[in-house]
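Here, residue 1 is the first one in the sequence, and each next residue gets the next number.
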Amino acid sequence: YGYRSEELLSMQMQDIAAKDSISFEREMQRVIKKYPGSYQFETVHYMKTGRPVPVEIISKLVVINGKKLLLKHIRNISKQKKLQFEAELLIQKLSSHAYYDQLTGAYNRTYLFSVLLPKVVASQLQAGILLLDINKFKFINDTYGHQAGDYILAEFAHTVEACIRKQDKLVRYGGDEFLVFLMKTSYEDAVSSANRIKKTVAARKFIFQGQQIECTTSAGIAAGKLKTEKDLEVWIKQADTALYEEKRNVTEGAGQGSGI
């Protein structure tokens, strides 16, 4: 504690413990209830400098020469607490990695099927999905390189994220395909969201290493209520069919059938 032996012997436990008199009374009551056993707990003590130190205390009521005395074994657990804190941070980091796509920062399929989908089904609220696909992404990769492709994927995800509400979820479904889960949304609202995203992406300038890369997106939509988790498969098929039709129209309009 930083005190000399004679200083420490003349002090009361309250002088080093982060407790008031009421807390001490409660501790004493617990110790008495445990008699003749011991009472173990964690608390904070203070060094002479005022620095707080986490400690583990084992308190026991003993009788010596007819007098009841409180015997305490005090152990500094600063290292254990530090290790525990670091372990909790690591667990949080690993949990985050398990549910996020590392390139784009969007949620991944694990999160979609393990966390999000069960919640949506349980809520039985109106919802919708947008299945988004980057137009001519193969052309972008072949022309500008895979680093440029990664840049487009990441920036596309950030752009879409900025277009949706906090309650909505963006999932990287696979490759250049993304799924937006819209909460408490009608089909008409889903159409509006899709149009807003397409306009925003088309208007944005994507510049990689000094080169501007044209980036647009197509969308397929499905909406309603998910009664079971299997219903999402039906929604995705519906959205995928609509997405393919829109992409075909975009490709035919541009006259570049190989750009999908």
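Residues I164 and S193 are not in side-chain contact: their nearest non-hydrogen atoms beyond the backbone lie 4.5 Å or more apart.
Listed by chain and number, the hydrophobic cluster partners of L71 are V62, I64, L69, where partners are ILVMFWY side chains within reach of under 4.5 Å, directly or through others. Under a 4.5 Å side-chain heavy-atom cut-off, the cluster of Ile, Leu, Val, Met, Phe, Trp and Tyr residues that includes L125 has no other member.
Cation-pi check for R109 over Y111 is not met; the charged atom does not lie both under 6.0 angstrom from the ring centroid and within 45 degrees of its normal.
Qualifying salt bridge (charged side-chain N to carboxylate O under 4.0 Å, His left out) partners for E56, counting only residues two or more places apart in sequence or in other chains: R75.
Defined by atom type and a distance below 3.5 Å, a donor-acceptor pair is present between the side-chain atoms of D189 and S186. Residues T104 and D101 bring a donor and an acceptor atom of their side chains to less than 3.5 Å of each other. For D133 and S218, the side-chain atoms include no donor-acceptor pair closer than 3.5 Å.
Put simply, the side chain of R172 never gets that close to the backbone of A157: no donor and acceptor are under 3.5 Å apart. Proximity of a side-chain donor or acceptor of S10 to a complementary backbone N or O of E7 within less than 3.5 Å is detected.
Close placement of the F178 and F156 rings is indicated, their centers lying within 6.0 Å of each other.
No salt bridge links E233 with K230; every basic N to acidic carboxylate O contact stays at or beyond 4.0 Å.
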